[in-house]
Amino acid sequence: MAKKNDDFFVEKKSWFKVKDELLGCYLKPYVAKILYTRKPLAYVDCFAGKGKFDDGNPGSPLIALDIFRQVLAATRLDGNARIGAAFIDLNYASDLEKNLSGYKGIKIVSGAYEETIEELLKTKTGCNVFLYIDPYGIKALDCTKFDDFANIL
């Protein structure tokens, strides 16, 4: 089960900035390329947190959503590019919902990754699936779920 550290999202630490920069550097070309498969992209942030830090810095959900907007605006797929985004968090789903309220067509899932991912992925057959799995406490990650994904998708 994920830890709850009330001061974790007060300010974005330098290591978090580097991690999010890496996500952005990878995600933008990945999304731009994967959309040309003409299959929908299902993006799932399995440990989404609040979506942004109390100091105003964006977290991984806002970074991903901004990238999706940029890529969709630049694509030449004539409106056929589809991206669905789901964000899972056990402790901060209400903050996440508030911080992502300006985005349409996203799904906020309140609960633990281990308890929600299978149901969420059942509807993603035929999609490209990008799971962003970045747990704060690696002990919280149930790695047996990866074995199950092959059977779900």
Side-chain angles (χ1 to χ4, degrees), residues 1-28 30-32 34-35 39-73 81-149 151-153:
M1 183 169 292
K3 295 179 183 179
K4 183 173 182 180
N5 293 328
D6 291 332
D7 63 345
F8 185 79
F9 290 100
V10 171
E11 73 174 323
K12 193 170 192 175
K13 311 280 190 290
S14 61
W15 61 268
F16 220 127
K17 290 177 183 177
V18 171
K19 178 192 67 70
D20 283 348
E21 186 175 325
L22 290 170
L23 172 66
C25 287
Y26 180 79
L27 192 58
K28 190 170 187 177
Y30 171 83
V31 172
I34 204 74
L35 290 179
K39 293 180 181 180
L41 171 60
Y43 177 87
V44 183
D45 188 333
C46 297
F47 298 87
K50 290 183 175 185
K52 75 176 181 179
F53 289 80
D54 297 342
D55 66 2
N57 277 297
S60 58
L62 287 175
I63 290 167
L65 290 168
D66 184 49
I67 287 170
F68 300 156
R69 279 186 177 171
Q70 291 173 33
V71 171
L72 288 171
R82 295 170 303 190
I83 302 173
F87 302 93
I88 303 170
D89 199 80
L90 176 63
N91 298 311
Y92 299 105
S94 61
D95 292 309
L96 184 59
E97 192 168 335
K98 181 180 76 174
N99 289 329
L100 303 184
S101 64
Y103 294 87
K104 304 282 187 245
I106 63 170
K107 182 172 184 151
I108 307 293
V109 179
S110 180
Y113 148 81
E114 296 89 349
E115 297 168 5
T116 59
I117 192 67
E118 287 180 50
E119 188 66 30
L120 187 63
L121 290 180
K122 281 182 183 178
T123 62
K124 305 306 179 205
T125 302
C127 294
N128 294 301
V129 177
F130 187 106
L131 297 177
Y132 186 55
I133 301 176
D134 177 32
Y136 171 67
I138 197 68
K139 293 176 193 171
L141 185 60
D142 180 2
C143 293
T144 62
K145 294 294 179 192
F146 296 119
D147 297 332
D148 299 336
F149 293 151
N151 297 324
I152 293 173
L153 301 173

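Nothing here was measured: the structure is a model prediction, and the numbers come from that model.
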Is any side-chain heavy atom of Leu23 less than 4.5 Å from a side-chain heavy atom of Ile67? no

Non-hydrogen side-chain atoms of Tyr30 and Leu41 separated by less than 4.5 Å: yes

Can you tell me how far the NZ atom of Lys39 sits from the CD1 atom of Ile34, to the nearest 0.5 Å? 8.5 Å

Measuring only between side-chain heavy atoms, which start at C-beta, is Ile117 closer than 4.5 Å to Leu131? yes

Could you check whether any side-chain heavy atom of Phe87 comes within less than 4.5 Å of a side-chain heavy atom of Tyr43, counting everything from C-beta outward? yes

Output the distance between atom CD1 (Ile106) and atom CD (Glu97), rounded to the nearest 0.5 Å. 8.5 Å

Close side-chain approach of Leu35 to Leu72, heavy-atom, < 4.5 Å: yes

Over all atoms of both residues, closest heavy-atom pair of Lys124 and Ala42: CD-CB, 3.7 Å

Is there a side-chain contact between Val71 and Lys28 in this structure, where contact means two heavy atoms from C-beta onward sitting under 4.5 Å apart? yes

Which atom pair, heavy atoms only, marks the closest approach of Phe68 to Val31? CE2-CG2, 3.7 Å

Side-chain contact test, heavy atoms from C-beta onward, threshold under 4.5 Å: evaluate it for Glu119 versus Thr123 and give yes or no. no

Can you see which heavy atom on Cys46 is nearest to which on Ile133, and at what distance? SG-CG1, 3.8 Å

Within this structure, what is the NZ-CG distance for the pair Lys107 and Leu100, rounded to the nearest 0.5 Å? 15.0 Å

How many angstroms lie between SG in Cys127 and CZ in Arg82, if you round to the nearest 0.5 Å? 7.5 Å

Rounded at 0.5 Å granularity, tell me how far OG in Ser60 sits from CG in Leu22. 12.5 Å

Any donor-acceptor pair under 3.5 Å linking the side chain of Asn99 with the backbone of Lys50? yes

Heavy-atom nearest pair, Pro61 first then Leu96, reads CG-CD1, 4.0 Å

Do Ile88 and Leu120 have side chains that approach each other closer than 4.5 Å (heavy atoms only, starting at C-beta)? yes

Would you please classify the geometry between the Tyr26 ring and the Phe130 ring as parallel, tilted or perpendicular, with 30° and 60° separating the classes? tilted

Spacing of CD belonging to Gln70 relative to CG belonging to Leu27, to within rounding of 0.5 Å: 10.0 Å

